[in-house]
There are 2 protein chains.
Amino acid sequence: MTKPPTVYDVAHHAGVSIATVSRVLSRPDDVKPATRDRVLASVGELGYVPSGAARGLAARRTGVIGLFFQGLDAMDDLGDIALEGDEAAAGGARIVRDIPERTDTRTLNLYFDEVLRGCELESWRSGFALLVGVGRGSTATQTVRDMAGRVDGLMVLAGSASEEELARLSRHVPIVVMAGPRRGDDLDHVSVSNAEGMRTLTAHLIDDLGARELEYVAGSLGSPDDAERWSGFRAALADRSLEAPEEPTLRGDFTREGGRRVGRELFRRDGLPRAVVCANDQMALGVIDAARIAGVAVPEELIVTGFDGIDAGRLSAPRLTTVRQPMETLGRVSVQALARRLAEPKLPAMSVRLPVEVVLRESSESSVSVSLP
Amino acid sequence: MTKPPTVYDVAHHAGVSIATVSRVLSRPDDVKPATRDRVLASVGELGYVPSGAARGLAARRTGVIGLFFQGLDAMDDLGDIALEGDEAAAGGARIVRDIPERTDTRTLNLYFDEVLRGCELESWRSGFALLVGVGRGSTATQTVRDMAGRVDGLMVLAGSASEEELARLSRHVPIVVMAGPRRGDDLDHVSVSNAEGMRTLTAHLIDDLGARELEYVAGSLGSPDDAERWSGFRAALADRSLEAPEEPTLRGDFTREGGRRVGRELFRRDGLPRAVVCANDQMALGVIDAARIAGVAVPEELIVTGFDGIDAGRLSAPRLTTVRQPMETLGRVSVQALARRLAEPKLPAMSVRLPVEVVLRESSESSVSVSLP
DNA sequence: CTGAAAGCGCTAACAC
DNA sequence: GTGTTAGCGCTTTCAG
């Protein structure tokens, strides 16, 4: 890693001015072919790679957009991985017998992974580089601020930053808020039909499957998604003049283990509801786990439904009825919204709400044929 | 988005010089508390966010590291997603009945997702921001070069860039090559025990399960992983003086559909091998799909094994025996390697080889109890 | 402990 | 078409 060549080196090598080098790289057509080729040759020969920092500073845009979200705190306490000396570590392979029923903390991130993939994909299509930042604990504000300083625009997953912080950052770069309720109407906002989805699913359970006693398993308190889904559930009941409590009576924490716990609790009681409607798939899978242990047949004795449409729900037994969120689309649309604002800074803020899909599978109705491939 | 405040604004507001502002932000302890507080107050009041570009240019490091890999070309042809006018789009929810057996192209990315997560996690721990770039088609070189210009160090997944390109980039920023065979010994390199893992698994099939006729299903031609795994398979046979062809006779393309195709082909022949060893999990799952259709019992009539340890293999029926790669760890260790080189630029290049785990499940031995939770 | 001043490498007017 | 030049906003000696 010798000192990398700069525009000056290239210019000198090619016998042109630095402006010409810059042009060749940004608008090649404005340069005479002969000159251009000469410059390009020098670029190749010297192995010139333009400095993004200098470019960003001078041009006042970086070509980078950022995606920020709040990580799970559980990830904080990870041990170090030994780098073992300076030379080749051992490698090797050992054999283990896998016992079913491992914990599934990894799966918790599936949601982000898909959103991220959508962002990544669309960023590429739009010609942006994507800077990914995860806030954790106390450094979150620092992280997001730092990101704001290096990108042309920032996508923030709802709940990852306070409104004040967002207001502050939005003075600096355009912000797109992803998911969650819209706050104010000055920021662009892309969300998902949480309430509608839950309402449609609940309506289906009541109207089409004749379910009357429904239990609801809420997720973490304070989650905007959780609140919206709960409101959709209540709305479906209210529409049909069925009773629903003010607040959810059962609450997990969006994890499978939380679902199991709630399930156990539920099965200790006398009698069963006809259906357990869960605020996400993880918890629904946990409830199904608990049902199996308690000897409760799903869906014959108990219908269980989730929300999100994660893969594990497609692969479970029984497969999980759920509301599929367009997670990848969420990411893609957010990038598009950002790109649009970057192109047209003074358009009024927009709010896009993406449709969801209620996906019926065997955890709600045995009628769906289980013809595996 | 009014013009954001700069150091000058803050300095003026606080009645100090820009140098002091800079110090307060980088080494607060070098500044008298009273001054510091005054500056901090101004920072807060003005909503100052330092420019990453200017900072990077002046300091000659950006605090950003990059992760680059080659995307799947299939992702190229994605349609546009309508942004529907400027106002709130409709949202809503529709109901669909999910038929099992959807295609699983999404799953193809699982590998990257996990590596990415590891990188992301460790980047955060090390105080770096992570720039993610995916090369696709012809723009790949452009993309990776652009990234190299904006980061302090770059991680490149094997096969995503040519050796010449890597050599060129490595003049500019430190490069860590992830996975794949080590090329030369001038670049840091983190890999996984592909050959060892496949060899151990194959040895187990032969020695412990008494399998003699083994078929191998290779992945895409030219993949370094594929080559290494194949060599591990051959080595296990050779150790036991069993015949193995020079080149794999069956080849898929690392997709489930490819596995199905190979499976169908296999089941048209007379007689069955005792085991089909696949170069990755996706193909193994495809072979199992085909076996089910052909009425071949796994593992009684046919043992099927995979490689990677993706979730789908844990959730399939029967669950898949495989070699689990430490994908998240791969990401984490790569970041650590990069951080180490950034801290000590002239250390000799290192090569870390991460161990894998042979995971026995029911696709190879019915003896593993299937006590679901 | 604080300030002055010299760049960092590039882009974008504006001349020629 | 191509060259000159003035910054972009910050870090970092070096003085004081």
Side-chain angles (χ1 to χ4, degrees), chain A residues 2-40 42-43 46-64 145-146 148-152 171-173, chain B residues 2-40 42-43 46-64 145-146 148-152 171-173:
Chain A
T2 56
K3 186 168 176 308
T6 71
V7 254
Y8 293 99
D9 301 320
V10 177
H12 183 251
H13 184 107
V16 297
S17 76
I18 60 166
T20 298
V21 176
S22 177
R23 279 192 202 99
V24 168
L25 266 36
S26 50
R27 291 182 315 285
D29 297 332
D30 288 11
V31 178
K32 182 163 52 163
T35 321
R36 190 199 317 159
D37 294 344
R38 202 142 36 86
V39 172
L40 253 18
S42 299
V43 166
L46 300 180
Y48 170 65
V49 175
S51 150
R55 196 188 275 226
L57 182 56
R60 252 153 297 203
R61 50 192 162 57
T62 62
V64 178
R145 237 175 243 190
D146 188 76
R150 18 174 120 268
V151 299
D152 293 339
R171 286 205 40 214
H172 217 267
V173 292
Chain B
T2 56
K3 187 169 176 306
T6 71
V7 253
Y8 294 98
D9 300 321
V10 176
H12 183 250
H13 184 106
V16 298
S17 76
I18 61 166
T20 298
V21 176
S22 178
R23 280 196 200 96
V24 168
L25 265 36
S26 49
R27 291 182 314 288
D29 297 332
D30 289 10
V31 179
K32 182 164 51 166
T35 322
R36 190 200 317 159
D37 293 345
R38 203 141 36 87
V39 171
L40 253 18
S42 299
V43 166
L46 300 179
Y48 171 65
V49 176
S51 150
R55 196 186 273 227
L57 182 56
R60 254 155 298 205
R61 49 192 164 56
T62 62
V64 177
R145 236 175 243 191
D146 187 75
R150 12 173 126 270
V151 299
D152 293 340
R171 288 206 38 214
H172 216 269
V173 292

Looking at [N], I'd like to know if its phosphate oxygens (OP1 or OP2) sit under 4.0 Å from a side-chain N or O belonging to [X].
| X | N | answer |
| --- | --- | --- |
| B/Thr20 | C/dT2 | no |
| B/Tyr48 | D/dC10 | yes |
| A/Ser17 | D/dG3 | yes |
| B/Ser22 | D/dT11 | yes |
| A/Arg60 | D/dC8 | no |

Closest non-hydrogen atom pair, A/His172 against B/Val49: NE2-O, 3.1 Å

Looking only at heavy atoms, the pair that brings A/Arg150 and B/Gly52 closest together is NH1-CA, 4.1 Å

Please report the distance, rounded to the nearest Å, between [atom1] in [X] and [atom2] in [N].
| X | N | atom1 | atom2 | answer |
| --- | --- | --- | --- | --- |
| B/Arg36 | C/dT2 | CZ | C1' | 14 Å |
| B/His12 | C/dG3 | NE2 | C1' | 15 Å |
| A/Asp37 | D/dG1 | CG | P | 15 Å |
| B/Leu25 | D/dT11 | CG | P | 7 Å |
| A/Asp30 | C/dA12 | CG | P | 12 Å |
| B/Asp29 | C/dT2 | CG | P | 12 Å |

B/Leu57 side chain, from C-beta outward: closest of D/dG9, C/dC10, D/dT2: D/dG9

Let's see if you can work this out: which of C/dG9, C/dC1, D/dG9 has an atom nearest to the side-chain heavy atoms of A/Lys3? C/dG9

Between the base of C/dG3 and the side chain of B/Arg23, is there a donor and acceptor pair under 3.5 angstrom? yes

Which part of the nucleic acid, if any, lies within contact of [X], taking any heavy atom under 4.0 Å across all strands shown: a base, the sugar-phosphate backbone alone, or nothing?
| X | result |
| --- | --- |
| B/Ala19 | base |
| A/Arg61 | sugar-phosphate |
| B/Thr35 | sugar-phosphate |
| B/Val21 | nothing |

A/His12 NE2: over 12 foreign heavy atoms closer than 6.0 Å: no

Could you tell me whether a side-chain N or O of A/Asp37 sits under 3.5 Å from a main-chain N or O of A/Ala34, the two making a donor and an acceptor? no

So, taking the atom named OH in B/Tyr48 and the one named CG in B/Leu25, what distance separates them when rounded to the nearest 0.5 Å? 6.0 Å

Taking for B/Ile18 and for A/Arg27 the nucleotide of DNA chain C with the nearest heavy atom, the one nearer the 5' end belongs to B/Ile18

